[in-house]
There are 2 protein chains.
Amino acid sequence: MFSLPQLEAFVAVAEELHFGAAAVRLNMTQPPLSRQIQMLEKKLGTQLFGRTSRKVELTAAGATLLPRARQILDMCIKTDLDVRRVSSGEAGAITVGYTAIAGQSALPLMLRHAAESMPGVSFVLRELVSTDQMDGLVKGSVDIGLLRPIVARPGVVSRPLMKDRLVVALPEGSSLLGNMAAPQGAPLPLGSLDRLPLLMYSTKEARYFHDLVLRLFASAGAHANITQYASQVPALLAFVQAGLGVTLVPASAMAFAPAGVEFHEIDGRHGIQELNRVDLELAWNEETANPAVLRLLDLIESP
Amino acid sequence: MFSLPQLEAFVAVAEELHFGAAAVRLNMTQPPLSRQIQMLEKKLGTQLFGRTSRKVELTAAGATLLPRARQILDMCIKTDLDVRRVSSGEAGAITVGYTAIAGQSALPLMLRHAAESMPGVSFVLRELVSTDQMDGLVKGSVDIGLLRPIVARPGVVSRPLMKDRLVVALPEGSSLLGNMAAPQGAPLPLGSLDRLPLLMYSTKEARYFHDLVLRLFASAGAHANITQYASQVPALLAFVQAGLGVTLVPASAMAFAPAGVEFHEIDGRHGIQELNRVDLELAWNEETANPAVLRLLDLIESP
DNA sequence: AAACATTCATACCTTTACTGGATTGTTAAG
DNA sequence: CTTAACAATCCAGTAAAGGTATGAATGTTT
């Protein structure tokens, strides 16, 4: 196979149609240039130039080679630049894993922020529950995770990204609370949910929320009367909207609640305040070599 | 800039993810392969593989390089093949110059013949008068000429391609000939055209025909009463159709004559037969380096 | 736990290939 | 016939590539 310097030499000669001039352009002397062309011709098995001592002209084969040689050289230069850009983090791709809820709050914020500061970097989005994100971070199939503070696997590090809290979601104007009804938005002690039909996070896909709700109920001395399981916040809210019961959702989920649902802060007394923390973390593999990821992490740290 | 062997080495390692196996595939030993990759990384200024003594994996930069490297190598192989094909005459382009009349007779014949036997070769068609074709053949802007036997320029050789003769074209059922009228297709002595309005080839663009017609008239002792000049056969036939006069056209032009025109062979007695020869020649530059042209010439010689 | 196997990196040597300078050969112009 | 121009050839000197032997790191097996 021919070599890239041979193609460069060929293009120079084809453009100058003069070995001496082409040699100057290539910062070399004429004899080795002649030899390079001869080598190229030998490798291709054909004359590329018709040349006498007075003039040089392209043959049909040479005319065929010229545009292709230019194209190959251009592609090499472009490839060189692309690889450098990716290695500097200027371009590249970041695979972001995120939970369903983060997809509605932290993810858009982060993407808006990142897309502005890192044009050229594309994001691959994968909605995954926290444990699957953790697996992905270990395997390298996920670069950045937006997940709940679950047990980290070795090599994966994280930092808090958003602090959130659970709020109570009730059917609007419901009589479930009886005479304990509170005006929209007023704090509600968890005790008032005692034995009410509770729409619960599934044990498996949303264990973090499941456990947290149970802890909160226990701490308030209330009985959790679970009547329905679901793993996604929108599903739970739809049940609430239908009047099937009450549930607890992250405050950030209020923004996309359907009509017919009212929210109340949880009364923070008796130590509930400390328990009622829904954290979202940003996690990544400590040993990630993806420069775009490193840049993104810097970006999130600094401002 | 990186080199093609380096790209080949990179692709092999990226596909095998194992230096030893990649080295086998490249028919070399492992240490120089490692060095080639190191060189490539140095030239690109970045790591392409994350490697320990136990495993090899692509970095983001490496993943970016892989498809581009494959593309460059593929293009090199394809270019090599294309150049060889052109140099063997298997593919390529032939610029054919042809006169207006040849464009209606010899050219389609030749193209049909050639297109069958030389798939992959494309033809660039240029309608040119014979002298311009001759210039083009010298300059190299025309590969093959279909032209009248005019004086050849140095380096241009030719061979007869088609023998033709002139025939008389008359307005159908015309009274121009008076009582000398002949049945359709019957030979007509040129003397019967004496002093009739003659539609003539222009001196400049169709000198060959112009001179030939004059010679024929002179030889028959007839007077050429020129009433109109035109350079293209169809234009002359249109005049004949309109009843403006008579003219002489190549027999091959009868095929595309308009209705309302009748043709007669020229009576060949008194030496007219020898004069009435309209030859079409195939001409090319003796030193043409275009392999497709050489193949075409062979093709025309042999069958 | 220690010996072993695997695998990539390094050191050193040999061969190959490329470069630059001087020279030659050929062709067109004065 | 001489000269100028230009590509090809010859001849070292040097840079690059490949091979063998060896080392270092990390799992794996006994």
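Note on naming: letters A, B, ... go to the chains in the order of the sequence lines (proteins, then strands), and numbering restarts at 1 for each one.
- Distances shorter than 4.0 Å separate none of the side-chain N or O atoms of Gln38(A) from OP1 or OP2 on dA7(D).
- Of the N and O atoms on the side chains of Ser34(B) and Gln38(B), not one donor lies less than 3.5 Å from an acceptor on the other residue.
- Listed nucleotides: dG19(D), dC8(C), dG21(C). Nearest to the side chain of Thr29(A): dG21(C).
- Residues Leu17(A) and Ser3(B) each lie close to DNA chain D; by heavy-atom proximity, the contact nearer the 5' end of the strand is made by Leu17(A).
- Counting to the nearest Å, the P atom of dA8(D) and the NE2 atom of His18(A) are 12 Å from each other.
- Rounded to a whole Å, the CD atom of Glu41(B) is 12 Å from the C1' atom of dC8(C).
- Following rounding to the nearest Å, Leu48(B) (CG) and dC8(C) (P) show an atom-to-atom distance of 15 Å.
- Summarising the geometry, the separation between NZ on Lys55(B) and P on dT28(D) is reported as 12 Å, rounded to the nearest angstrom.
- Using a cutoff of 4.0 Å between basic side-chain nitrogens and carboxylate oxygens, Arg148(B) and Glu281(B) are not scored as salt-bridged.
- Gln36(B) has its CD atom 13 Å from the C1' atom of dG19(D), to the nearest Å.
- Note on Arg51(A): every side-chain N or O is 4.0 Å or more away from OP1 and OP2 of dT26(C).
- Here Ser34(B) does not reach the OP1 or OP2 of dC8(C): none of its side-chain N or O atoms lies under 4.0 Å away.
- Of the residues near DNA chain D, Pro31(B) and Arg35(B), the one whose nearest nucleotide (by heavy atom distance) lies more toward the 5' end is Arg35(B).
- One can find a donor-acceptor pair under 3.5 Å joining the base of dA8(D) and the side-chain atoms of Gln30(A).
- With dC8(C), dT20(D), dG20(C) as the candidates, the nucleotide lying closest to the side chain of Pro32(A) is dG20(C).
- When rounded to the nearest whole Å, the span between CG of Asn27(B) and C1' of dG19(D) equals 14 Å.
- Atom pair Leu33(B):CG and dG19(D):C1' shows a separation of 13 Å (rounding to whole Å applied).
- Note on ring orientation: taking the six-membered ring where Trp is involved, the planes of Phe49(A) and Phe19(A) are perpendicular (angle over 60°, cut-offs 30° and 60°).
- Residues Phe19(B) and Met28(A) both approach DNA chain C. Their nearest nucleotides, taken by heavy-atom distance, put Phe19(B) toward the 5′ side.
- Separating the CD atom of Glu57(B) from the P atom of dT7(C) is a distance of 16 Å, rounded to the nearest angstrom.
- Side-chain N/O atoms of Ser130(A) and Gln133(A) include no donor and acceptor closer than 3.5 Å.
- Arg51(B) has a carboxylate O that lies under 4.0 Å from a charged side-chain N of Glu41(B), or vice versa, which qualifies the two as a salt bridge.
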